[in-house]
Amino acid sequence: MVTRYLQVVSLAEARRVLATLMPATPRTEVVPLEEAVGRVTAEPIMAAYSVPQIHLSAMDGIAVRSADTVKASEQHPVTLPDTLRVNTGNVVPPTYDAVIMIEDVWIEGETYTIRKAAAPWQHIRPAGEEISETEMILPAAHRIIPTDLGALAGYGVTEVEVLGLKIGLIPTGSEVIEHGQRPKPGQVVESNCFFAAGWLRSIGVATHPYPITIDDQDLIRAAITRGVAENDLVIISAGSSAGTKDFTAGVIRELGEVLVHGVAIKPGKPVIIGQIQGKPVIGLPGYPLSALTVMRELVIPALQEYGLQPPEYPTIRASITRTVQKEIGSDEFVLVSAGEIDGRWVAVPQSRGAGVQMSMVRSNGYLQLAADQEGVVAGEEVRVQLTVPEALGKRALLIIGSHDPAIDHLASLVSGEGVIVHSTHVGSMGGLLTLRQHQCHAAPMHLLAPDGTYNTSYLQQYLPDDDLVLLCVAEREQGFVSTTGLSVEDIQKYTFVNRQQGSGTRMLLDHYLREHQIDPASIRGYDHEVTTHLAVAVAVRSGEADLGLCVYSAAAALGLKFVPLASERYELAIERRMLDDPRVQKLIGAVRSPAFLSVLTRMGGYRTAETGVLREVPRPQPLPDSHT
């Protein structure tokens, strides 16, 4: 029998339920100073002794009694009766109350003469000047950072009392394997507990990862029982949905109580919140983006209420580049890549597939679409919660358009220059339309016109009033990829994998089909679309398709046969005004660098004679007036 969800609750209600399960009185533990970074202080931390513990000289000079110097002046030098030669940091005995810099002293044998009076306590660091014994170093509820360690050590602290919370992480699934192994078909590497442990440790939580438990109800029961006994909170990854092998909810109900099974969020709806022996137990959905959403929107806020302090990042207002639709009834969270263009923020939605982990890597923020919203339209201003410091977000360089593996290598090169490339693969036409809305820094394209030229005619047609330049990345070979050397003559005989509509590769194929009067409907797999050249090659190597059209470098990277079809000019379209942007300047420098030329040569399939060349996009000529 398939277990059905309990009544789905709102996100606010789920947060309330989980907050009530957290311990009312935080548990504390004492840790060595060396292990204290990232932990949150449970009590104020006081200095064990004063610093300095006794009066010290702040200068190289002589220690004196200030009363002996009162009459000293330029007209009436005073030879001091009682002095002590001191260096910076030396103890100043109680009989002296001032230090005179040695540069202001005339030395004759064993005598010292001055021409200016010294004020009491001049150039002396009094005992306790930096901190006094029992004075507070850090308050309670303070997240200890690396710079705190030096002060704590210097003021006599060797261990600190911190908030103590231990979370057990139990991955489940018969198809799940440990990281470090290469998955076989049908297997998946365990990643949810892996990233959750890192996230939790970064905010001061002690974690206890457990081995993977296969889909066996008795084994899952034993793992959860052990986890509850050994931890303050338990997180179980996968098994939270309503499938025949999803045992998590049933086991929690058997051992304790299920309070929530299903929250009106997307991704992440199947989350479970329960309690066993008074301890909170959370069931994460198995898909990575679902698990991320539950951790961020439920677990982390609960830990914050407990007293832990995750880093906080700002929210911004940004113009969204694409329309995002959703169903009414659930809060939906969409990962985005945000960047600043001309002083305004732009947000590029990432893939919304719950299993697409690269969306996490490529994003630096997210937006929340409320349950009563139907979505947002392209160009609309949205509220984006950054997941990085704002300064890091401002280093983003948005490249939107056609995909090529070379773009990834450019991203690596400019990363060392302080620029963070966020590349989104929407095809050449998608990039062109984004550029038209001034929502990217550069748009890669390879659009073939009927006259055999590349890119310029499309830019003139769709952006006639914009001042544009084209930066040549390379001329590259496009061709058919297969395991056996299939070519265009075989396209109607075998299964095919295609690129998405609007991509230059798709337009190249369609141009060829029109020229040779081949009906796309006669090609098995013509509607099977992927968004990158490497995805075409992967589909072919895995046997998902017999052949596809992609660049040579993608075929070579996966060891596949390649039959050329055409050479094309792959360029970055850039608004001329963007050439003054330091991020764009570094990108151009990377394209022209010997390191990038070496990369292209190594990957193969590129001609680099024009690499790095900037060319003008001529403005379209107005049509002649028929009345003249």
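Note that this is a predicted model, so its numbers are computed, not measured.
- Contact of the Arg569 side chain with the Cys472 side chain is registered, since non-hydrogen atoms from C-beta on lie closer than 4.5 Å.
- Across every non-hydrogen atom of Ser593 and Ala590, the tightest pair is OG-O, 2.7 Å.
- Using cut-offs of 30° and 60° for the angle between ring planes, the Tyr570 and His446 rings count as tilted.
- Judged purely by distance below 3.5 Å, without hydrogens or angles, the side chains of Tyr366 and Thr387 never pair a donor atom with an acceptor atom.
- At least one side-chain heavy atom of Leu513 sits under 4.5 Å from a side-chain heavy atom of Ile523.
- Between Arg615 and Glu610 no salt bridge is recorded (no basic side-chain N to carboxylate O distance below 4.0 Å).
- Each of Ile399, Asn364, Ile400 was evaluated against His422; a single residue qualifies, Asn364, per the side-chain contact (heavy atoms from CB on, under 4.5 Å) test.
- Within the 4.5 Å cutoff, the side chain of Glu332 has no heavy atoms near those of the Val324 side chain.
- Between the Arg592 side chain and the Gly612 main chain, a donor and an acceptor come within less than 3.5 Å of each other.
- Residues Thr321 and Gln437 bring no donor and acceptor atom of their side chains to less than 3.5 Å of each other.
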Worksheet item: Would Glu529 and Arg506 count as a salt bridge (Lys or Arg N to Asp or Glu O under 4.0 Å) if you check the C-alpha gap in whole Å, the side-chain angles of each, and the deciding distance to 0.1 Å?
Response: CA-CA 10 Å; Glu529 299 178 355; Arg506 175 69 164 265; 3.0 Å; yes
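- A donor and an acceptor atom, one from each side chain of Ser522 and Gln492, are located under 3.5 Å apart.
- Using cut-offs of 30° and 60° on the angle between ring planes, the pair Tyr552 and Phe562 is perpendicular.
- Rounding to the nearest 0.5 Å gives a distance of 10.5 Å between CD of Gln439 and CG of Leu433.
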